[in-house]
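Presented below is the structure to which this report refers.
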Amino acid sequence: MHFSIQNLLFLLVALAGFGLFVWQARKVRANILVGRDQDMSGHVSERLTKTLLVAFGQQKMFKRITPALLHLIVYVGFLVINIEVIEIMIDGLFGTHRVLRFLGPLYDVLMATNEILGALVIVAVAAFWWRRNAKPPLKRFTGPELRAWPKLDANVILYVEVVLMAALFTMNTADLKLHQLEGVDLPGSFPISSLLTGLFPSSVAALHVLERVGWWAHIVGILCFLNYLPSSKHFHIIMAFPNVWYSRLAPQGQFSNVDSITHEVKAMMDPSYVVPAPATNPDGSAVAPTPFGAKDVDDLAWTNLLSAYSCTECGRCTSVCPANLTGKLLSPRKIIMDTRDRVEEKYNSPLIFHPNLYGAEAKHAEQETPDKETHTLLRGYVTPEELWACTTCNACVEACPVNINPLESIIEMRRFLVLEESAAPNSLNVMFSNIENNGAPWAFSPSDRFNWADDLFVTERKVEVRS
């Protein structure tokens, strides 16, 4: 073990990389928590089971076997190759080389597995690139929400993964050939790199340079990749796990009720029912009433904002949406992407608010900035036409591989349109009027509700007479 300028430089790079990521992660967390409070405690065993099956086990991915297998290769490769990343981090900090060699035969297995998975990752990435960029591409990789940055982002990350694997093989191959020239066995087993040694020079100095270039490119690339994630759809490789943990456990199709309306209805039905006292601030003043539904992102529950940061933009939700398949404007993927874009615009944009404020601080600053841009999620990003096209069938919820629930956001924005703006479609307004006047969705007086059965009685009597 020896220390050098290189170790000090690596320490600074590692601190900068992880420090910047922590700063971004805190910002994302603060942005998620601007959503409405929602109690997601309890049901630990059920949530643990769901997380193990859906997040770790990739259960819902296997509804489409080909992309599932390709994704599994990249997923497992990402997990296993991180073992070598740990080794690189230790070597970089303490000046060691292949510090995990003490594992003996297990180290051979780990290095061989890393190499095989690295090669398979390159194959899988090539297949993903072809699926996204073939002419014509798969339908679920198209749509107005996937133009410009989302399309570029999907391809950039594929290129980055290839570069990271190439750097890994450069490091291993140069190190392997260097040890061969020196007549020393390199700890570990390298089935792929051993096939590439013939492509590398026989100069010891050149191999030293190539090994260091590969080493630095791999670890710095990973740190850059880590800090790229919060701005990318690939943030799901981290956010999918908490999103599945906090995902909805209620039966699909069961809608939530508004507490204030529930209390009023119970008071109407039962005069003895005591309506809970309204909440108050610490100073004793009344808390401002909560609007019905959601007009903007901070009207949604924090779990909905967590889902927005967890979206993979894979399009499985939109590809099974009956409204979208019949030509309607609705795209569940777009609803989720719009939510994330609006959160970033409202609480991160230095063009609107102070650049050093985010999350709850930016929310407070917004209230003190009267000349700010008036732009909301509803109508600013999502149109009522999209919302009313939804059939509430839950197909999008069932299809999402990380348990995102676009329907919750759709229902909340619909609720705002109906209860706050009275802006429901005419067909629904007719139904509401019938319920108010007739106690049912149909335009019939309650006294005429069983008139349809009169002919049945007549028919039965005729049958009895004949018999």
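Scope of the values below: all heavy atoms of this structure, side chains included, with no hydrogens, waters or symmetry mates.
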Side chain to side chain donor-acceptor pair (under 3.5 Å) partner of Glu313, the single match among His234, Arg340, His236:
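Checked His234, Arg340, His236 against Glu313; only one passes side chain to side chain donor-acceptor pair (under 3.5 Å): Arg340.
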
Between the side chain of [X] and the main-chain N/O of [Y], is any donor-acceptor distance below 3.5 Å?
X: Asp153; Y: Lys233; answer: yes
X: Asn227; Y: Gly17; answer: yes
X: Thr326; Y: Ala323; answer: yes
X: Glu115; Y: Ile192; answer: yes
X: Asn82; Y: Phe78; answer: yes
X: Glu421; Y: Val418; answer: no
X: His218; Y: Leu164; answer: yes
X: Thr318; Y: Arg333; answer: yes

Any residue meeting side-chain contact (heavy atoms from CB on, under 4.5 Å) with His43, in chain and number order, not counting sequence neighbours
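Scan of His43 (side-chain contact (heavy atoms from CB on, under 4.5 Å), adjacent residues dropped) gives Glu46, Arg47, Leu249.
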
Using the salt bridge (Lys or Arg N to Asp or Glu O under 4.0 Å) criterion, which residues pair with [X]? Sequence neighbours excluded.
X: Lys266; result: none
X: Arg212; result: none
X: Arg414; result: none

So [Y] and [X], do their side chains get closer than 4.5 Å, heavy atoms only?
X: Val343; Y: Leu377; result: no
X: Val28; Y: Asn31; result: no
X: Glu161; Y: Val74; result: yes
X: Trp215; Y: Phe10; result: yes
X: Met40; Y: Arg248; result: no
X: Cys224; Y: Val220; result: yes
X: Lys139; Y: Ser319; result: no
X: Ile122; Y: Phe169; result: yes

What about Trp23 and Phe18, are their ring centers closer than 6.0 Å?
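No, the ring of Trp23 stays outside the 6.0 Å limit from the ring of Phe18, centre to centre.
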
Quick one: do Ile404 and Cys317 satisfy side-chain contact (heavy atoms from CB on, under 4.5 Å)? Show the steps, please.
CA-CA 9 Å; Ile404 292 173; Cys317 53; over 6 Å; no

For [X] and [Y], work out which heavy atoms get closest and say how close.
X: Arg316; Y: Pro67; answer: NH2-CG, 3.9 Å
X: Asn7; Y: Gly92; answer: ND2-O, 3.0 Å
X: Leu70; Y: Ala127; answer: CD1-CB, 3.7 Å
X: Gly77; Y: Val121; answer: CA-CG2, 4.3 Å
X: Val402; Y: Ala240; answer: CG1-CB, 3.6 Å
X: Met165; Y: Gly118; answer: SD-CA, 3.7 Å

Applying ring pair (Phe, Tyr, Trp, His ring centres under 6.0 Å), name anything that partners [X], two or more places apart in sequence or on another chain.
X: Tyr381; result: His375
X: Phe241; result: Phe56
X: Phe141; result: none

Is it true that the side chains of Thr262 and Asn257 contain a donor and an acceptor less than 3.5 Å apart?
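No pair is found: no donor N or O on one side chain lies under 3.5 Å from an acceptor on the other.
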
With no hydrogens and no angle check, just 3.5 Å: does a side-chain donor-acceptor pair link Asn243 and Asn403?
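Per modelled atom types, Asn243 and Asn403 side chains form no pair under 3.5 Å.
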
Could you state the interatomic distance from [atom1] ([X]) to [atom2] ([Y]), rounded to the nearest 0.5 Å?
X: Arg379; Y: Asp296; atom1: CZ; atom2: CG; value: 12.5 Å
X: Thr303; Y: Ile32; atom1: OG1; atom2: CD1; value: 10.0 Å
X: Ile157; Y: Leu229; atom1: CD1; atom2: CG; value: 6.0 Å
X: Leu69; Y: Gln58; atom1: CG; atom2: CD; value: 11.0 Å
X: Leu79; Y: Leu117; atom1: CG; atom2: CG; value: 9.5 Å
X: Leu387; Y: Ile410; atom1: CG; atom2: CD1; value: 6.5 Å

Only one of Val297, Asp299, Asn304 passes side-chain contact (heavy atoms from CB on, under 4.5 Å) with Ser409; say which it is.
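Between Ser409 and the candidates, side-chain contact (heavy atoms from CB on, under 4.5 Å) is satisfied uniquely by Asn304.
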
More than 12 heavy atoms of other groups within 6.0 Å of [X] [atom1]:
X: Lys60; atom1: NZ; value: yes
X: Asp37; atom1: CG; value: no
X: Glu385; atom1: CD; value: no

Any pair counted as side-chain hydrogen bond (donor to acceptor under 3.5 Å, both in side chains), so long as it reaches residues 431-445, sequence neighbours left out
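Non-adjacent pairs meeting side-chain hydrogen bond (donor to acceptor under 3.5 Å, both in side chains): Ser445-Ser447.
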
Quick one: which residue pairs count as a ring pair (Phe, Tyr, Trp, His ring centres under 6.0 Å) with a foot in [range], not counting sequence neighbours?
range: residues 396-437; answer: none
range: residues 294-323; answer: Tyr246-Trp302
range: residues 57-77; answer: none

Does the plane of the ring in His263 sit parallel, tilted or perpendicular to the ring in Tyr273? Use 30° and 60° as the thresholds.
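Parallel.
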
Does the pair Glu398/Lys63 count as a salt bridge with the N-to-O cut at 4.0 Å?
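Yes, this pair counts.
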
Arg415 and Glu420 ion-paired at < 4.0 Å:
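A salt bridge is absent here (no side-chain N lies under 4.0 Å from a carboxylate O).
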
Taking only residues two or more places apart in sequence, or in another chain, which ones meet Glu87 in a side-chain hydrogen bond (donor to acceptor under 3.5 Å, both in side chains)?
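Testing Glu87 for side-chain hydrogen bond (donor to acceptor under 3.5 Å, both in side chains), a comparison that skips the adjacent residues, returns Tyr107.
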
Would you mind telling me which of Arg342, Arg36, Lys346 makes a salt bridge (charged side-chain N to carboxylate O under 4.0 Å, His left out) with Asp298?
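Exactly one candidate clears the test, Lys346.
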
Before giving the answer on side-chain contact (heavy atoms from CB on, under 4.5 Å), spell out for Thr170 and Val213 the whole-Å C-alpha distance, their side-chain angles and the decisive distance to 0.1 Å.
CA-CA 8 Å; Thr170 299; Val213 168; 5.6 Å; no

